[in-house]
Amino acid sequence: MNLLIKSATILDPGSAFHQQVTDILIENGVITRIAEDMEADAEVVDGEGKYVSPGFFDLNCNIGELGLETKEDMHSGTRAAAAGGFTGIALMPNTTPPVHSKAEIEYLLNRAKNNLVDVYPLGTISHKREGKDLAELYDMYLSGARAFTDGNRPVQDAGLMERALLYAQGFDALVFSYPEDTAIAGKAKVNEGEVSTLLGMKGIPSLAEELMIARDLYLAEYTVSKIHFSTISTARSVELIREAKRKGLEVTCDVAAHHLVLTDEALMGFDSMYKVKPPLRTKDDVLALIKGLKDGTIDAIVSQHTPHEVEFKDVEFEVAEYGITGFQTALPLALLSGLPVELLVEKLAINPREILGVTIPVIAEGERANLVLFDTETEWEYGNKNNRSKSVNSPFFGQQLKGKVQLTYNNKQIFK
């Protein structure tokens with residue numbers, strides 16, 4: 001299908017047309033012409049007042065396959081991703097069975113064929129995500145795994161993490177660290193602070209995250225390895241990574257979109273929809289995260305899309321599962337942070353691909369079309385009529401949001 005996007009502002013630092021208002025003609029999946037006032041035999045989309053950028057890329061999301069398809073399957077998950085402007089996603093291995101061998105990697109890649117959304121399964125660091133023995137890292141790498149992580153389970157054994165960093169270094173793969181010291185976090189469910197005291201609940205201190213970041217930074221420095229931290233959430237974490245970058249360590253990190261907007265004060269009503277991990281922190285932490293994005297300490301924004309059936313969330317706070325559906329709310333929440341839209345494109349589309357070593361799309365003539373059209377002003381209600389996920393576990397369900405994806409295009413396919 002041919003497509004003509006009229007009068008849109010291009011936001012792509014790699015394009016000669018960056019920040020220009022112009023028309024974009026896509027024919028048979030390729031950008032054939034970029035010019036003003038074009039006419040063509042194509043479906044016309046009005047882009048006036050809207051932005052076109054390379055499609056977004058999510059470094060942290062969960063889809064139920066394998067084994068948890070009642071939460072989300074490849075079809076519903078990639079539709080939700082496309083609805084949120086994502087043309088590429090890195091899948092966490094938090095499945096049953098976990099993605100700990102080449103068989104699971106190859107299965108997921110096969111399931112994702114001919115999809116609008118490019119899917120990149122991440123392999124586990126440890127066998128069965130048990131934190132004891134290394135998984136088949138090199139076999140998974142040969143089958144298509146770009147990076148390795150135990151997902152939402154931290155690697156408690158420092159020796160195992162050291163071996164993973166050294167081993168992955170041999171074939172230039174990347175290790176993701178989910179920073180939490182479980183001995184300090186214990187069985188607590190919320191951030192430790194004034195709110196946890198008022199609620200009468202045990203809290204997870206910021207130290208649990210920061211101690212693990214400090215440990216893994218030391219390990220990365222010792223092994224001369226690169227490392228990526230997933231979903232950091234505290235002010236001190238930002239400082240630790242900022243200092244590590246100043247020292248020249250190959251370290252990157254990301255933050256979940258909801259951690260840029262919500263604080264632990266949202267938990268005062270014991271609403272389990274706000275139960276996430278890492279937990280919602282304080283206003284000071286939110287401000288530090290936003291500052292970290294502005295100064296380049298934090299490299300990417302992720303959705304941390306984590307779908308659950310209603311019976312896992314519509315229960316008492318203590319027993320509810322962690323996580324929210326985040327694909328379709330990532331852009332509106334990122335906009336609420338107040339960051340310039342050009343910087344958001346960098347954090348949502350450019351840097352995530354650079355971190356994972358994936359080709360970065362360019363909006364230029366002759367290039368394959370991989371892009372998203374969005375605006376920052378349209379208000380819309382996130383609800384049953386437009387939710388593309390199987391699950392509805394989002395505190396933003398039924399709320400008015402500002403900033404909307406108008407269409408997503410990749411692999412000769414369009415979603416709008």
Trainee: Check this for me: Lys102, atom NZ, are more than 12 non-hydrogen atoms of other residues, nucleotides or ligands nearer than 6.0 Å?
Mentor: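 No, NZ of Lys102 has 12 or fewer neighbouring heavy atoms, counting only those of other groups under 6.0 Å.
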Trainee: Check each of Glu365, Glu27, Glu367 against Thr32 using the side-chain hydrogen bond (donor to acceptor under 3.5 Å, both in side chains) test, and report the only one that passes.
Mentor: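 By the side-chain hydrogen bond (donor to acceptor under 3.5 Å, both in side chains) criterion, Thr32 pairs with just one of Glu365, Glu27, Glu367: Glu27.
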Trainee: Ring-plane angle category for Phe171 and Phe148, please: parallel below 30°, perpendicular beyond 60°, tilted otherwise.
Mentor: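 Ring orientation of Phe171 relative to Phe148: perpendicular.
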Trainee: Using the salt bridge (Lys or Arg N to Asp or Glu O under 4.0 Å) definition, which of the options Lys277, Arg215, Arg281, Arg236 pairs with Glu209?
Mentor: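 The option that passes is Arg281.
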Trainee: Can you tell me if Ser391 uses its side chain to pair, donor with acceptor, with the backbone of Ser389 under 3.5 Å?
Mentor: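 It does not hold such a pair.
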Trainee: For Glu265, does the CD atom sit with more than 12 other heavy atoms under 6.0 Å from it, leaving out its own atoms?
Mentor: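 It does not: Glu265 CD has 12 such atoms or fewer within range.
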Trainee: Checking Ser15 side chain against Ile363 main chain: does a donor-acceptor pair fall under 3.5 Å?
Mentor: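 Answer holds: yes.
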Trainee: When you check the gap from the basic side-chain N to the acidic O, do Asp46 and Lys6 get nearer than 4.0 Å?
Mentor: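 Answer for the salt bridge query: no.
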Trainee: Test your reading of the model: is there a side-chain donor-acceptor pair from Thr234 to the backbone of Ser237, 3.5 Å cut-off?
Mentor: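 Present.
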Trainee: Please tell me if the side chains of Met161 and Gln156 come closer than 4.5 Å, counting only heavy atoms from C-beta onward.
Mentor: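 Side chain of Met161 against side chain of Gln156, heavy atoms only: no contact under 4.5 Å found.
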Trainee: If the threshold is 4.0 Å, N to carboxylate O, is there a salt bridge linking Arg353 and Asp118?
Mentor: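 No, no charged N to carboxylate O under 4.0 Å.
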Trainee: Is the side chain of Lys189 donor-acceptor paired with the backbone N or O of Pro279 at a distance under 3.5 Å, no angle test?
Mentor: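 No: the side chain of Lys189 does not pair with the backbone of Pro279.
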Trainee: Can you tell me how the ring of His127 sits relative to the ring of His100, calling it parallel under 30°, perpendicular over 60° and tilted otherwise?
Mentor: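 Ring orientation, 0 to 90° scale: parallel.
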Trainee: With a 3.5 Å distance limit and no angle check, can you tell me whether Gln406 reaches the backbone of Leu373 through a side-chain donor-acceptor pair?
Mentor: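 A pair under 3.5 Å: no.
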Trainee: Any salt bridge linking Lys128 with Asp133? Criterion: basic side-chain nitrogen under 4.0 Å from a carboxylate oxygen.
Mentor: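 Looking at Asp133 together with Lys128, the answer is no, because their closest N to O distance does not fall below 4.0 Å.
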Trainee: Has Tyr138 got more than 12 heavy atoms of other residues, nucleotides or ligands less than 6.0 Å from its OH?
Mentor: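 Check fails, neighbour count at 12 or below.
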Trainee: Quick check: does any side chain N or O of Ser303 sit under 3.5 Å from a backbone N or O of His305, one acting as donor and the other as acceptor?
Mentor: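 Here the side-chain-to-backbone pair exists.
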Trainee: In terms of ring plane angle, is the pair Phe312 and His308 parallel, tilted or perpendicular, where the classes change at 30° and 60°?
Mentor: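 Tilted.
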Trainee: Can you check whether Gly131's main-chain N or O pairs, donor with acceptor, with Ser126's side chain at less than 3.5 Å?
Mentor: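 Side chain of Ser126 to backbone of Gly131: a pair is present.
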Trainee: With Val119 as reference, evaluate Ile63, Thr78, Leu109 under the side-chain contact (heavy atoms from CB on, under 4.5 Å) test and give the passing residue.
Mentor: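 Testing each of Ile63, Thr78, Leu109 against Val119, the sole residue satisfying side-chain contact (heavy atoms from CB on, under 4.5 Å) is Thr78.
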Trainee: Apply the side-chain contact (heavy atoms from CB on, under 4.5 Å) test between Phe56 and each candidate in Leu331, Leu371, Thr87, Ile350; give the one that qualifies.
Mentor: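 Checked Leu331, Leu371, Thr87, Ile350 against Phe56; only one passes side-chain contact (heavy atoms from CB on, under 4.5 Å): Leu331.
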Trainee: Between the main-chain N or O of Ala300 and the side-chain N or O of Asn351, is there a donor-acceptor pair closer than 3.5 Å?
Mentor: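 Not at all, since once roles are kept as given, no pair shorter than 3.5 Å links the two residues.
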Trainee: Are any side-chain N or O atoms of Ser272 and backbone N or O atoms of Lys313, one a donor and one an acceptor, separated by less than 3.5 Å?
Mentor: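 Judged by distance alone, yes, a pair lies under 3.5 Å.
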Trainee: Counting N and O atoms only, with roles assigned by atom type, does the side chain of Lys390 sit under 3.5 Å from a partner on the main chain of Ser76, one being a donor and the other an acceptor?
Mentor: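 Between the backbone of Ser76 and the side chain of Lys390 there is no qualifying donor-acceptor contact (under 3.5 Å).
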Trainee: Just checking, any donor-acceptor pair under 3.5 angstrom between side chains of Asp284 and Thr282?
Mentor: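 Checked: Asp284/Thr282 side chains show no N/O donor-acceptor pair below 3.5 Å.
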